[in-house]
Number of protein chains: 4
Amino acid sequence: MTETQPARRRRRKEARPQELTAAALSLFVEKGFAATRLDDIAERAGVSKGTLYLYFDSKDALFKAVIQEGVVPALHAGEALLEQHDDPLELLRAILSGWWERIGSTELGGIPKLMMSEAGNFPDVAAYYQREVIQRGTALLRAAVSRGIARGVFREVDLDAICSVLIAPLVYRAMWRYSFGPRCGQEADVGPYLKTYFDLILNGLMAPVAAGDTQ
Amino acid sequence: MTETQPARRRRRKEARPQELTAAALSLFVEKGFAATRLDDIAERAGVSKGTLYLYFDSKDALFKAVIQEGVVPALHAGEALLEQHDDPLELLRAILSGWWERIGSTELGGIPKLMMSEAGNFPDVAAYYQREVIQRGTALLRAAVSRGIARGVFREVDLDAICSVLIAPLVYRAMWRYSFGPRCGQEADVGPYLKTYFDLILNGLMAPVAAGDTQ
Amino acid sequence: MTETQPARRRRRKEARPQELTAAALSLFVEKGFAATRLDDIAERAGVSKGTLYLYFDSKDALFKAVIQEGVVPALHAGEALLEQHDDPLELLRAILSGWWERIGSTELGGIPKLMMSEAGNFPDVAAYYQREVIQRGTALLRAAVSRGIARGVFREVDLDAICSVLIAPLVYRAMWRYSFGPRCGQEADVGPYLKTYFDLILNGLMAPVAAGDTQ
Amino acid sequence: MTETQPARRRRRKEARPQELTAAALSLFVEKGFAATRLDDIAERAGVSKGTLYLYFDSKDALFKAVIQEGVVPALHAGEALLEQHDDPLELLRAILSGWWERIGSTELGGIPKLMMSEAGNFPDVAAYYQREVIQRGTALLRAAVSRGIARGVFREVDLDAICSVLIAPLVYRAMWRYSFGPRCGQEADVGPYLKTYFDLILNGLMAPVAAGDTQ
DNA sequence: AATGAATGAGCTTTCATTCAT
DNA sequence: TATGAATGAAAGCTCATTCAT
């Protein structure tokens, strides 16, 4: 028992920053960066206000840490899908539903909302986000779609544009959870939304069956 | 000379509130509500800080006015379309491209971003917005889609879900203009986005042509 | 009576900065810069804490203003003495007793103490002070002494060194008033100090009367 | 090996408090008491912040220790001079140059600056300092001067006043080292200053040679 | 004896709000 | 109507002090 004490403490010490960014993320998403007080973050994390400054130089630095920490882990998972799926349709489905499961439906889903709200106030973080998240995500989608087009499964579409159009309903839905969501009981009911979404875009992408095709 | 003064003044006086909300809207959208100082709004509007209090009781009241003013004018325009178009496909296109032209592409396009960011801090305004904007807009879309289904032009889809999915890419694009947009030169290039968007959704909605159809 | 109101206000407005620096000076000298709270300054000046920020950007800026304002007015008075006195001995006496009357014995006498205490924390202000106050003051003394030597009234001495040595007892005494002074009742008794000081230095500077001089 | 450890440790332990006060002294002198953080002191002393509290109850207690430790050793050295010198002029010279060598030119020279800056914030320490340092130093000087007057070597002067006047240039110069000194390269050049100082005061004190004196 | 993570009171600074003019 | 000087509550941040290890 006396042995667990230091162990607990050490574990605590190492886990602290993530406990703090987790608390900060939820409040930033809920109220916005400027409207969130450090006291609130500290309270939610169960520490005192001063403790925040042991780990982060300033409120701004905390914001940056929140974004980076929420973004880094999801970077590789998606890119691995490219090799796991050959069929373009399956690949596209895997990417999009994977994003929803790993990001959109988790507490990380607040990050797009937060980043979009604060992009103007944190230009450097916004640049980082666009480079590391948006561009890499776009490249992933682009690879899937262009493979589909190459194989004649998807119709010819503007690659740049389609990527944004495809991801929009998912991001929008994730943002919704942290804005109007709380006032609707429909929260849990994402099923129909996703089903309809996939139905619409896959149908919309699919190349028309050639006249004489017997399929 | 003494006569023109009051005339100019009166016109000025009546226009004041809208000049103020316009200044407030652009700043709220750019920096967020909490991060925007009344000094900045006053400066952008070309008045003194005290003047704001002649027209609005508080910063919160100014926020509410900004939302209401940006929302009211667009309410009826859309609903009028229902009668102007008979063909469901044309109607749907008219509704969606109408939204983009009247809202999304104008300075009013910032309102969805603002409202989404601040929904948590202004529950009553959010409720108002949801009731007066989202639900009425949804009802409009719903009418168009269900008419299309009824006539066999559109496939059978979940009506509630499809409305959100359909509007998402447009709203998302509007929000983009006020977040990441300023850092991309692609700003002006909405054309391909819209084209691809309509291409995708209309194709995705369209009912499959029956085998023996001669079109 | 209704007329005096705006007048009083306008006068107030213009006089504010000096009321604030005066309050700040006395507290900075008494407690030191870091140990002085802005609340205390505001209270002593009879304003609220926020008012300080209408006139000064920060506590540091207030410090700089305190020094500059306390230094500027005394700059020219001394230099004018050079032309008013021809006799080197009278000139030297006029400079030194003039410093005491205009600076050392007034509330400005705290500035040397303050500047000396804080020189390390405000290198730029210290540089300004040294350039505008110390060097100009030294030049003045130097002119007086070198004139005395040229005329054979004073003995030959190191000009740089003598200037510092001469001013030291006066500055030291001024600083004393704001440190140990308050705990001695002797405060008022500067008379003997000055008398002894002048007696010592003038005697010490005087050239020995040549053997055959008939006085 | 296990034996040397405790030995080194013991020596270390006993030396600790002085290492700490030495670090504190240099920082207090450089930045002032309030502007010096305990972290800085600990870092300069090469210990952790908590260690300071093993030796001193509080920051205030550390300040008092710094003053006492810097003051005690010099107390007796000066008073011993009274018996070592008979000639008043030599005695006075020995006292003053002794002060410069033992205090003014060493790191203890910062103590007068520190004490003067903080006298208002530490009335009890100031009282102690005045009693144990200033008054005893003054008494020493007084003895030397009055012996000189009694023997007809020095002119008649106000004893209280002359003591302050005499020490002022030395203390002033010591304080200078820790304020404006760092910004002048002249630092090393105290020689001319001291030479001029002694030249001035001894000349100024000397009784005029009577007319018929054959010296 | 020594550490350094944690605390929270207290400080500087900001800004919505008021009000005399 | 319009102003802007003044306010003071509240926020970000610091740092002397404590204490479990």
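Chain A is the first sequence line, chain B the second, and so forth, proteins listed ahead of strands; every chain is numbered from 1. Since this is a predicted model, take the numbers as computed values, not measurements.
- The 5' end of DNA chain F is approached more closely, in terms of each residue's nearest nucleotide, by A:Asp60 than by the other of A:Asp60 and D:Asp60.
- In this structure D:Phe122 satisfies the ring pair (Phe, Tyr, Trp, His ring centres under 6.0 Å) test together with D:Phe33, D:Phe63, sequence neighbours excluded.
- A search for side chain to side chain donor-acceptor pair (under 3.5 Å) contacts involving B:Asp60 returns nothing, not counting sequence neighbours.
- Judged by distance alone, with hydrogens and angles left aside, the side-chain atoms of A:Lys113 form a donor-acceptor pair with the main-chain N or O of A:Val29 at under 3.5 Å.
- Partners of A:Ser58 under the side chain to side chain donor-acceptor pair (under 3.5 Å) rule, at least two apart in sequence or in another chain, do not exist in this structure.
- At the phosphate of F:dT3, OP1 or OP2 sits under 4.0 Å from a side-chain N or O atom of B:Thr51.
- For A:Ser58 and C:Gly50, each mapped to the nucleotide of DNA chain F holding its nearest heavy atom, the one lying further toward the 5' end belongs to C:Gly50.
- The distance from atom NZ of B:Lys59 to atom C1' of E:dT14 is 11 Å, rounded to the nearest whole Å.
- In terms of the side chain to side chain donor-acceptor pair (under 3.5 Å) criterion, B:Lys31 has no residue partners (sequence neighbours excluded).
- Of the candidate nucleotides E:dA6, F:dA6, F:dT1, F:dA6 has the atom lying nearest to any side-chain atom of C:Tyr55.
- Note: OH (A:Tyr53) to P (E:dT7) measures 15 Å, nearest angstrom.
- Considering only residues two or more places apart in sequence or on other chains, B:Tyr178 meets the ring pair (Phe, Tyr, Trp, His ring centres under 6.0 Å) condition with none of them.
- Within residues 24-44 of chain D, no residue has any heavy atom under 4.0 Å from DNA chain E.
- What separates CG of C:Leu54 from P of E:dC15 is a distance of 13 Å, to the nearest Å.
- OP1 and OP2 of F:dT1 both lie 4.0 Å or more from every side-chain N or O belonging to B:Arg16.
- By the side chain to side chain donor-acceptor pair (under 3.5 Å) test, C:Thr36 pairs with no residue at all, sequence neighbours left out.
- Atom C1' of nucleotide E:dT14 and atom CG of C:Asp57 are separated by 13 Å, given to the nearest angstrom.
- For C:Lys49, the listed nucleotide lying nearest its side chain is E:dT12; candidates were F:dA6, E:dT12, E:dT7.
- In DNA chain F, consecutive stretches of 3 or more Watson-Crick or G-U wobble pairs with both distances under 3.5 Å are given as paired ranges: E:2-21 with F:2-21.
- Applying the ring pair (Phe, Tyr, Trp, His ring centres under 6.0 Å) rule to A:Phe180 yields the partners A:Trp176, B:Tyr129; only residues at least two apart in sequence or on another chain are considered.
- In this structure, CZ of B:Phe56 is placed 15 Å from P of E:dA16, rounded to the nearest angstrom.
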Between C:Thr21 and C:Phe56, is a side-chain contact (heavy atoms from CB on, under 4.5 Å) present by the stated rule, with each step listed?
-> CA-CA 10 Å; C:Thr21 50; C:Phe56 305 98; 3.7 Å; yes

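- Regarding B:Leu62, its CG atom lies at a distance of 12 Å from the C1' atom of E:dA16, rounded to whole Å.
- A straight line from CG of C:Leu20 to C1' of F:dA6 spans 12 Å, rounded to a whole angstrom.
- The separation between D:Phe63 atom CZ and F:dA16 atom P is 15 Å, rounded to whole Å.
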